[in-house]
Amino acid sequence: MGETAETEELARHALLGDATFLPNYFENKAFISARIDEIEALNLAIGDASQKGMVFQTLPKHMRRRIMSHTIKRMPRKLREAHTRSLKSTGALSAVLKRPSRKYRRRPSNLLKEYNRRQKTNIWLETHIWHAKRFHMTKKWGYHLADRPNDKSYRACYRAAANHCLLQDLSFMNCIELVGPYSHLVSTLKSHTSAECGLTFGAKCYKSGVREGNVMFFEKDKYPFGAIGKVDFLWRFNDLSEETDAKLWLWCHPAYFNQILEQIISSFDLQIVSSDRKQSKKKKEKRKEKLKLDTRNIPFTRVPTYTSSTGVVKLNLLKDTLNRFRLTGPLANAVLTSAFKIPELDSSAEFKAFDWWSEYYSSEKKSAAYSAQKNFWALLASCTSPCQLPPHSAVSVTIVDPRLTLPQTRTKAVPDKTAVTPHQTPVLTLDPLCSDSPLWDSAIRDKVTETKLSTAELGERRSKRVVPGILPGEAEVFPSSRIPILLIQRPGVQSSSKRIGFGGGWDIISPAGWGMALWVGLVFRGCRAGGLREAISLSREMGTPLFNEPDTEAGQISNESDKKANLDAYFRRPPAKRLNFILMGIPTPFDFQWSRLIDEWNSSSSLLPENPSSDGSFFVLRNRFYLDQLLSFLTRNVQKKKIEKQLKKLLILEPALSKCLVPINVLLNNGGKLDKYSLVCLPNESDFSGIKQTHNRKRMRDQSMIDKDIIESQHEDYHFDKRQSLRAEHQKLLKKLRRKRVIEYRKRREEQANCCLADLKIRKRKMRKPSPTLELVKDYNEKMRALWLPDEKSIQNSNSRAVMGFVTNGAFCFSESLSSGQAYVTFLSLLQLILLLDKCSVSRNFLLIRNYASSHYKFAAFSLAL
């Protein structure tokens, strides 16, 4: 013990820098016992890695690599076993296993499984892969859709729609099939429509199935309130000689598809029957074409079926089982006749070679229908515009697989001028048999989809040709090369204020599985692809309302989502870069408060005999009679002295008109910007003084109109002082809390200095808490947001010019070379404007527009959106 004390004393003097002397002897026992303790500690650390971190952390610092924690083979061999045991004990072994190679992951079967997995939440269209490489994609209404092209094609898409051909994929439109007696279907659906808005399901022109109709769908017996959305409908072709159940297809936008389905199920008292898998006659092998359709309802899974309690009416949900493409432009006819070819039915041997095709066209009546369709196809090549056919015609065509007639390079289809004869009539007449389509038969649709020739099989067949580039004979083609499609004609604009026929074209309806084949065939004929942005711009150019009208639930949901997105983007900017809506006098930024605006006009108008109740309900005016009445007032077809009496009489006959919005199209005459959320305002009498007007009837424009400099004066920012004081208090509070956090942080650092490494890691995990000022900052941001937004008591009188409504869709219009858009105004404000225009003897219909980012009022010509 004395020798050991002497050794420790020498070591202490050495640390203090004193002179040291080496001992004359060496204690083996003391040295070995000290080393044994160290070796035991090392073995314990290596054997149990959970005590002091991972095994790779026991290595010297110059040997440690970050990748060692993920790849076992990077560790020294002596430590690999211990490292593997530590990973198993912590449950991290599965995370560090080697990922399969990219070659394995890109195998076709694995790729298809991955694609099907990724489209479970948001459905992919059949052309999704093609669009994803060329378009900005967006997730809407449960689908992953193409929004706009990657290249700068805004003007190019307009040129394609105006002079060439624009192609759009509308396969997200959902289809409902109703089967039952014609009279029962019409009488039940009558409660969801109104003849005051136009032709309905029971119109004679739609009964035979040769034309497609369009109707506004309402909740049961709630017209004019309770609007849901517009529906395109088509009856199955019926020559009125067969007493069979009628079939009706309803095409709905996915934004309100579920609402319409619920209303139909309730009205017909339907109950779901089955959605069982279909037994395929062929072998049950997993073909790639089948895998591609795993997420679809047809043909490998039965579509959901509903039946009424009496068994009279049956509903088949054809959602995502049909493809619908839209061709817009004067070259749509040339594109169709160039991309699609009709096979021959002359040879009896060839006639028996095909499966569904031969069976369907075996009867004399079906053969006559096929001949009529072939004659129509020959005449279609000579038409220079789709508008030469009867409007909304439904034409059935059976075509050859477009992949068999695909050109080597992309070409541009042009009309066949040699086929035009001097005695040809400008408008074609169609044989009713042209509308008889096999696409209505679900068994044929399933057969066409299931027997489709895959791209690999088609390539293998082409490789066996004797002469490359020559297509095989018709007798050698598989039955799957016959595709039934349905063509729906769209007439385009019919108003004299717009370009006649603009927006006209064709809609192509095809079975599932053939979307990509048809799409590529159309693109190779010169079509330019467009997305959702192009659909909105076409609607603005044509002057037709969008699907999300203000009085529908879809419109309200769209308004709320857009408001949230715009306000989030607004508050992401620093305060110095934000537009001050209070100073600008914008009462409701990024919001349409229609019911509040209507109630304010009702309470202040002198045209009403009595103020109606303000329950917040409103509707969009769709009654054709009242719209024609307003049009007669705007065109000055009523005597000047009787206008006010006629207007008051109109409100007495129909008091509910005071709660309606009127859709209008506006055009800025002398330049300027028209954006969404712009204010539509009522002019004063003095605003019309000194204006020279020489209008051009062909275009809704006044070239020589002097745009008076009408400026909205700057409003008082009544929240400025509150924002400043709130910000100062918040900064002061944060500084105070920061001092407390610094003191606590220093205390924790002192405690950590006295803790071992293992205890420190455990404590750090427990101390990972959210910021103590998180809730404080959230509360501050909410209060500051409220102080940046106006809290006007009145929308109507928030500016020097009374607010009539708002612009819902505005931008530059290529057809007018000016900024134009669509807007909604209250009915009473429009009557007030009519009286003002009549009093000031203004020959044109003008109102004032003010962009929410500008203080200048601009004169704009307007017309009713009929």
Side-chain angles (χ1 to χ4, degrees), residues 566 570 573 575-593 597 600-601 604 664 666-693 695 700-720 788-808 810-813 816 818-821 823-826 829-830 832-833 835-837 839-840 842 844-862:
N566 289 325
Y570 173 76
R573 301 188 185 98
K577 301 298 181 182
R578 293 177 192 168
L579 180 66
N580 194 326
F581 294 111
I582 302 177
L583 288 177
M584 299 297 297
I586 304 300
T588 56
F590 309 123
D591 191 13
F592 304 122
Q593 298 187 13
L597 182 62
E600 290 177 4
W601 275 98
S604 61
I664 61 173
V666 293
L667 179 69
L668 291 181
N669 297 282
N670 290 345
K673 187 180 181 182
L674 187 65
D675 279 339
K676 188 178 180 180
Y677 305 109
S678 296
L679 302 181
V680 182
C681 300
L682 182 70
N684 295 335
E685 292 186 31
S686 59
D687 297 336
F688 289 113
S689 61
I691 295 180
K692 300 178 181 179
Q693 304 174 49
H695 72 274
M700 194 176 61
R701 184 190 302 182
D702 192 345
Q703 295 283 5
S704 60
M705 184 175 119
I706 301 175
D707 197 356
K708 296 185 65 175
D709 195 14
I710 306 174
I711 302 176
E712 178 71 20
S713 58
Q714 194 177 63
H715 292 225
E716 180 186 359
D717 189 357
Y718 41 79
H719 285 163
F720 179 79
W788 270 99
L789 297 177
D791 51 359
E792 296 286 347
K793 296 181 180 179
S794 172
I795 301 176
Q796 176 189 1
N797 301 318
S798 59
N799 291 270
S800 60
R801 305 298 186 274
V803 178
M804 301 173 60
F806 302 95
V807 176
T808 57
F812 185 81
C813 180
E816 299 288 349
L818 292 171
S819 188
S820 72
Y824 289 89
V825 296
T826 62
S829 65
L830 183 61
Q832 195 72 26
L833 178 60
L835 293 175
L836 180 63
L837 293 173
K839 183 178 181 180
C840 297
V842 181
R844 293 291 309 279
N845 298 323
F846 291 116
L847 45 72
L848 291 178
I849 295 288
R850 185 164 77 89
N851 190 10
Y852 68 88
S854 173
S855 58
H856 289 259
Y857 289 93
K858 294 285 185 179
F859 276 102
F862 75 95

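Quick note: residue numbers are just sequence positions, from 1. Since the structure is predicted, the reported quantities are computational estimates derived from the model, not experimental observations.
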With a 4.5 Å limit on heavy-atom distance, are the side chains of [X] and [Y] in contact?
{"X": "Asn851", "Y": "Leu674", "answer": "no"}
{"X": "Val803", "Y": "Ser798", "answer": "yes"}
{"X": "Ile710", "Y": "Asn684", "answer": "no"}
{"X": "Pro589", "Y": "Tyr852", "answer": "no"}
{"X": "Pro575", "Y": "Trp788", "answer": "yes"}
{"X": "Tyr824", "Y": "Leu597", "answer": "no"}
{"X": "His719", "Y": "Asp717", "answer": "yes"}
{"X": "Leu679", "Y": "Ile586", "answer": "yes"}

Output the distance between atom [atom1] ([X]) and atom [atom2] ([Y]), rounded to the nearest 0.5 Å.
{"X": "Glu816", "Y": "Leu667", "atom1": "CD", "atom2": "CG", "answer": "5.5 Å"}
{"X": "Glu600", "Y": "Thr826", "atom1": "CD", "atom2": "OG1", "answer": "10.0 Å"}
{"X": "Asn799", "Y": "Met584", "atom1": "CG", "atom2": "CE", "answer": "9.5 Å"}
{"X": "Leu789", "Y": "Asp791", "atom1": "CG", "atom2": "CG", "answer": "9.0 Å"}
{"X": "Phe859", "Y": "Asp687", "atom1": "CZ", "atom2": "CG", "answer": "5.0 Å"}
{"X": "Cys681", "Y": "Leu833", "atom1": "SG", "atom2": "CG", "answer": "11.5 Å"}

Identify the heavy atoms of [X] and [Y] that sit nearest to each other, and give their distance.
{"X": "Pro683", "Y": "Leu847", "answer": "CG-CA, 4.0 Å"}
{"X": "Ser800", "Y": "Glu712", "answer": "OG-OE1, 2.6 Å"}
{"X": "Arg573", "Y": "Arg578", "answer": "O-NE, 2.9 Å"}
{"X": "Lys839", "Y": "Glu685", "answer": "NZ-OE2, 2.8 Å"}
{"X": "Ile849", "Y": "Ala860", "answer": "CG1-CB, 3.6 Å"}
{"X": "Ala823", "Y": "Val807", "answer": "CB-CA, 3.8 Å"}

Before we go on, tell me: are the rings of Tyr570 and Phe581 under 6.0 Å apart, centre to centre?
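Distance test on ring centres: under 6.0 Å, yes.
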Checking side chain to side chain contact (heavy atoms under 4.5 Å, CB included) for the pair Asn669/Phe846: CA distance, chi angles, key distance, verdict? CA-CA 10 Å; Asn669 297 282; Phe846 291 116; 3.5 Å; yes
For atom OH of Tyr718, is the number of surrounding heavy atoms from other residues, nucleotides or ligands below 6.0 Å larger than 12?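 Atom OH in Tyr718 is packed in, count exceeds 12.
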Would you sort out whether Cys813 and Leu818 count as a side chain to side chain contact (heavy atoms under 4.5 Å, CB included), showing the intermediate values? CA-CA 5 Å; Cys813 180; Leu818 292 171; 5.9 Å; no
Check: Between Tyr677 and Phe592, what is the ring plane arrangement, given parallel below 30°, perpendicular above 60°, and tilted in between?
Finding: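 The rings of Tyr677 and Phe592 lie parallel, inter-plane angle below 30°.
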**Report entry** Check against side chain to side chain contact (heavy atoms under 4.5 Å, CB included), Asp591 and Phe806
**Finding:** CA-CA 9 Å; Asp591 191 13; Phe806 302 95; over 6 Å; no
Checklist entry - Can His715 and Leu583 be said to form a side chain to side chain contact (heavy atoms under 4.5 Å, CB included), step by step? => result CA-CA 5 Å; His715 292 225; Leu583 288 177; 5.6 Å; no
